[in-house]
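Read the structure below first, then the notes.
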Amino acid sequence: MRIMTRKRLAPLMAIAALAFASPSLSARQYWVTDPNDGITWNVGEGDSHYDHIEMAGRRVATILRYGVMPGGAFTVNKSMVWPMLRTIPNNTGGCVMRRFDWNPLAAVTVNGRSLTNEKVRRISLRNALEVESEFNNGYYGSWKLHRSYFPSTELPTLVEKYVIENTGKKPLRVEIPEGGFVTSTDPQKGVAGSYRIEGKIDRSGFHDLQPGESLAFTAHITATAPGESPKVPDADEEFEKRKSLVDELMGSLVLETPDTVINKMMDFAKVRACESIYATKGGPLHGPGGEAYYAAIWANDQAEYVNPFFPYTGYGYGNESALNSFRHFARFMNPSYKTIPSSIIAEGDDIWNGVGDRGDCAMIAYGASRYALARGVRAEAEELWPLITWCLEYCRRQINEDGVVASDTDELEGRFPAGKANLCTSSLYYDALLSASYLAKELGKPDGKKYASQASSLRKNIDRYFAHDVEGFDTYAYYKGNDVLRSWICIPLTVGIDERASGTIDALFSPRLWTENGLLTQAGDKTFWDRSTLYALRGVYAVGATDKATEYLKKYSDTRLLGEHVPYAIEAWPEGGQRHLSAESGLYGRIITEGMFGIRPTGFRSFNLTPRLPSDWDAISLRRIKAFGADFDIEVRRADGGKMKVAVVNGGKKKEYTVSDGKTVSVKL
């Protein structure tokens with residue numbers, strides 16, 4: 001391993017500094033929404049700031065650590081991940097990863113001088129990371145430089161586009177030397193042997209620019225397996241493919257509210273939730289990312305968090321990945337009811353089950369049944385039914401003497417205590433039983449009444465076992481003997497268990513749990529995971545505390561979209577350095593679909609709708625919803641007498657309802 005000197009390490013430490021600092025929901029907002037349907041940081045004189053963003057295609061992921069240095073120049077470090085180039089040991093993190101400082105502009109000269117005196121003017125995010133800079137070198141000329149960085153949608157490649165525009169009054173001679181690199185990985189550490197990694201610039205030589213003229217050139221970083229020839233990307237074509245994907249995702253499940261930041265955060269959430277799907281030999285596998293989790297699936301991130309969201313987006317590859325993930329979990333059903341592994345890794349070749357039963361079967365049954373209902377495809381539901389019922393039976397067999405579900409731990413895997421039976425596992429099992437009762441009716445199965453009855457009994461047992469005065473709040477003890485507030489007390493709210501809603505909401509937004517970083521995992525600690533904040537906001541909407549949910553959703557969205565670390569939901573802090581894990585963005589989307597609009601699937605063409613309209617908003621809409629075998633809109637507007645007009649528009653036909661706040665409408669498409 002090469003040892004990096006302190007001098008060489010310093011720039012990287014500066015770029016990464018933000019990644020290890022706790023963000024703040026009251027910190028400075030660097031970004032604004034822009035007319036190009038993205039966000040922009042208009043860099044002010046003297047501004048200096050660093051950030052990182054993850055982007056992905058089907059064969060590559062990249063984390064760009066970028067920023068503006070104190071003198072005004074741009075800096076970027078490129079972390080590259082090739083999920084299907086497997087390494088030894090072929091475990092969860094077993095793929096080729098490299099961090100490159102390679103700068104294709106380093107040896108480029110203009111009128112014989114390197115690119116000095118840079119002033120970054122703006123950085124934008126939508127289809128790509130785009131940077132616009134100005135250079136004023138007096139006698140030696142003035143020019144603008146536009147940079148774009150984005151992953152190929154299908155190639156194992158990061159594409160970089162550069163445009164130099166002569167903005168001065170003198171000609172410019174741009175000299176691009178032949179440049180790049182080629183390296184091969186250690187053949188003893190690759191499952192398929194040695195992998196080839198190359199960085200290349202697409203053109204070289206001398207180029208004369210008259211005032212007003214521009215010069216475009218590109219570079220790329222790519223990696224290939226033995227026997228595979230590197231393909232030189234057409235940068236313009238690759239940009240159009242990336243743009244087309246982003247347009248597709250932002251153009252479906254479109255949120256319209258008076259708050260443009262929440263609307264735009266929803267757009268970006270769809271992109272991050274859907275882009276991180278890898279074309280593995282085991283089929284399309286959604287991966288969390290974060291330079292850690294690729295070509296693998298988890299019972300929480302995929303089955304529980306993001307799979308139930310995909311049908312609403314209409315993204316075909318997302319739905320395909322969801323079904324594929326459930327097929328992988330189904331491989332591990334067994335007659336002795338040993339638990340399904342927490343994670344299936346290495347393109348489906350291996351498993352990880354390092355902490356025992358995390359309540360994984362409850363997660364899978366919950367996600368698979370919600371997915372099957374919202375997807376509305378009978379053949380898929382029939383295929384998933386054996387997995388759902390097997391997982392429900394597994395959970396039933398884990399019910400303890402108090403009538404709740406026992407598990408070794410929860411999805412935090414022992415980072416915080418979870419006792420022998422935790423609130424999260426039983427709540428997810430409860431919701432899965434309800435969904436299974438609806439699904440059984442659709443499929444003509446005889447089990448629907450049984451599952452509904454089991455859910456009713458479990459709900460009573462959850463309240464009897466977990467309900468507790470914790471730190472003065474009438475809420476839940478996360479496990480027996482727990483006497484400190486925990487963020488996951490929000491879980492019952494998300495599945496319609498509202499007996500302790502008032503005390504739980506008070507606890508969640510008390511200074512003991514809510515901080516400028518969102519929810520603490522445990523009162524008195526410093527750790528926070530965005531997923532619990534995202535669950536809580538969904539749950540608070542679901543039980544009708546609409547204005548409070550909106551107040552905190554606005555704060556959260558302003559920070560995650562426009563603040564110091566943008567534009568997606570994050571995983572955690574301090575663990576992982578605020579990685580942009582993909583499934584968390586799916587959880588943001590579900591705040592809208594299941595929280596603000598209160599959509600609860602009840603059949604292949606039916607759902608319950610309980611919209612929540614904030615008191616200072618006149619209307620909200622959710623358009624181009626692709627679930628339940630349809631493409632439809634939901635429109636909610638304020639009406640006379642404190643009521644709401646709710647319209648469901650499907651195929652040009654509009655059905656309207658007049659409802660009071662909290663009233664549920666049963667919709668059949």
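All figures in this text were calculated on a predicted structure; none of them were measured in a lab. Position 1 is the first residue of the sequence, and the numbers go up from there.
Ion pairing between Arg600 and Asp431 holds under the 4.0 Å rule for side-chain N and carboxylate O. A salt bridge does not link Glu383 to Arg375: none of the charged side-chain nitrogens sits closer than 4.0 Å to a carboxylate oxygen. Remark: Arg272 engages Glu54 in a salt bridge, criterion side-chain N to carboxylate O under 4.0 Å.
Evaluation of the salt bridge (Lys or Arg N to Asp or Glu O under 4.0 Å) rule for Glu304 yields no partner, not counting sequence neighbours. Taking Asp474 as the reference, Arg500 meet the side chain to side chain donor-acceptor pair (under 3.5 Å) condition, with sequence neighbours excluded. For Asp360, the salt bridge (Lys or Arg N to Asp or Glu O under 4.0 Å) partners two or more places apart in sequence, or in a different chain, are Arg358. Residues satisfying the salt bridge (Lys or Arg N to Asp or Glu O under 4.0 Å) test with Lys450, not counting sequence neighbours, are Asp447. Qualifying side chain to side chain donor-acceptor pair (under 3.5 Å) partners for Ser457, counting only residues two or more places apart in sequence or in other chains: none. Listed by chain and residue number, nothing satisfies the side chain to side chain donor-acceptor pair (under 3.5 Å) test with Tyr312 (two or more places apart in sequence, or in another chain). Not counting sequence neighbours, Asp469 has no partner by the side chain to side chain donor-acceptor pair (under 3.5 Å) test. Partners of Ala523 by side-chain contact (heavy atoms from CB on, under 4.5 Å), not counting sequence neighbours, listed by chain and number: Glu471, Val484, Leu485, Arg512, Leu513. Every residue was checked against the salt bridge (Lys or Arg N to Asp or Glu O under 4.0 Å) condition with Glu442, not counting sequence neighbours, and none meets it.
With a 4.5 Å cut-off on side-chain heavy atoms, Leu609 and Ile599 count as touching. Residues Leu520 and Ser487 form no side-chain contact, since every pair of their non-hydrogen atoms from C-beta on lies 4.5 Å or further apart.
Under the 3.5 Å distance criterion, the side-chain polar atoms of Thr389 are matched with a main-chain donor or acceptor of Pro386. With hydrogens and angles disregarded, a donor-acceptor distance shorter than 3.5 Å links the side chain of Arg612 to the backbone of Ala542. With hydrogens and angles ignored, the 3.5 Å screen pairs no side-chain donor or acceptor of Asp547 with any backbone N or O of Pro614. Without hydrogens or angle criteria, Thr280 side chain to Gly282 main chain gives a donor-acceptor distance under 3.5 Å.
The CG atom of Asp558 sits 6.5 Å away from the CG atom of Asp259 when rounded to the nearest 0.5 Å. Atom SG of residue Cys95 and atom CD1 of residue Ile345 lie 11.0 Å apart, to the nearest 0.5 angstrom. To the nearest 0.5 angstrom, Lys548 atom NZ is 6.0 Å from Glu551 atom CD. To the nearest 0.5 angstrom, Ser435 atom OG is 10.5 Å from Tyr430 atom OH. Interatomic distance, CG of Leu587 versus CG of Asp301, reported as 8.5 Å (0.5 Å rounding). To the nearest 0.5 Å, the span separating OG1 on Thr533 from CG on Leu553 amounts to 11.5 Å.
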With side-chain hydrogen bond (donor to acceptor under 3.5 Å, both in side chains) as the test, would you mind laying out the steps for Arg464 and Asn461 before giving the verdict? CA-CA 5 Å; Arg464 187 161 43 240; Asn461 293 338; 2.3 Å; yes
Going through the distances and angles, do Tyr478 and Phe416 end up as a side-chain contact (heavy atoms from CB on, under 4.5 Å)? CA-CA 11 Å; Tyr478 187 59; Phe416 289 83; over 6 Å; no
Checking side-chain hydrogen bond (donor to acceptor under 3.5 Å, both in side chains) for the pair Asn334/Ser336: CA distance, chi angles, key distance, verdict? CA-CA 6 Å; Asn334 59 85; Ser336 58; 3.0 Å; yes
Using the side-chain hydrogen bond (donor to acceptor under 3.5 Å, both in side chains) rule, take Ser325 and Gln302 through it: C-alpha gap first, then chi angles, then the decisive distance, then the call. CA-CA 8 Å; Ser325 73; Gln302 281 67 52; over 6 Å; no
Begin from the C-alpha positions of Phe597 and Val636 and carry the test side-chain contact (heavy atoms from CB on, under 4.5 Å) through to its verdict. CA-CA 9 Å; Phe597 284 84; Val636 182; 4.2 Å; yes
As a quick check of understanding, evaluate side-chain contact (heavy atoms from CB on, under 4.5 Å) for Glu380 and Tyr371, giving each step before the final call. CA-CA 10 Å; Glu380 290 188 10; Tyr371 168 83; 2.9 Å; yes
Residues Thr602, Asn608; criterion side-chain hydrogen bond (donor to acceptor under 3.5 Å, both in side chains); working and verdict: CA-CA 7 Å; Thr602 58; Asn608 288 339; 4.7 Å; no
Kindly determine whether Ser582 and Val306 satisfy side-chain contact (heavy atoms from CB on, under 4.5 Å), including the steps that lead there. CA-CA 8 Å; Ser582 177; Val306 76; 5.7 Å; no
Start with the C-alpha distance between Asp498 and Arg459, add both sets of side-chain angles, then the distance that settles salt bridge (Lys or Arg N to Asp or Glu O under 4.0 Å), and finish with yes or no. CA-CA 10 Å; Asp498 59 2; Arg459 180 169 181 157; 3.1 Å; yes
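Just one residue in the list Trp298, Tyr278, Phe310, Tyr293 forms a ring-ring contact (aromatic ring centres under 6.0 Å, His included) with His286, and that residue is Phe310. The side-chain contact (heavy atoms from CB on, under 4.5 Å) test with Tyr476 is passed by exactly one of Asn482, Ile497, Ile491: Ile497. The ring-ring contact (aromatic ring centres under 6.0 Å, His included) test with Trp514 is passed by exactly one of Phe509, Tyr556, Phe528: Phe509.
Residues Ala536 and Leu519 approach most closely at CB-CD1, 3.5 Å, considering heavy atoms. For Ile277 against Pro284, the heavy-atom pair with the smallest separation is CG2-CB, 3.9 Å. The two residues Ile364 and Cys391 come nearest to each other via the heavy atoms CG2-SG, 3.8 Å. Residue Val355 comes nearest to Asp408 through the heavy atom pair O-CB, 3.8 Å, listed as atom of the first residue, atom of the second, then distance. Minimum heavy-atom separation, Ala436 to Ser369: N-CB, 4.4 Å. Among all heavy-atom pairs drawn from Ala432 and Leu392, the shortest one is CB-CD2, 3.8 Å.
Contacts classified as salt bridge (Lys or Arg N to Asp or Glu O under 4.0 Å) and involving residues 478-487 (residues at least two apart or in different chains) are not found. Listed by first and then second residue, the salt bridge (Lys or Arg N to Asp or Glu O under 4.0 Å) pairs involving residues 330-357 are Lys281-Asp349 (not counting sequence neighbours). Pairs engaging residues 333-367 under the ring-ring contact (aromatic ring centres under 6.0 Å, His included) rule: Tyr337-Trp390 [sequence neighbours left out].
With Tyr438 as the aromatic partner, Lys441 does not meet the cation-pi criteria of under 6.0 angstrom to the ring centre and within 45 degrees of the ring axis. For the pair Arg538 and Tyr541, the NZ or CZ position fails the cation-pi test of under 6.0 Å to the six-membered ring centre and within 45 degrees of the ring normal.
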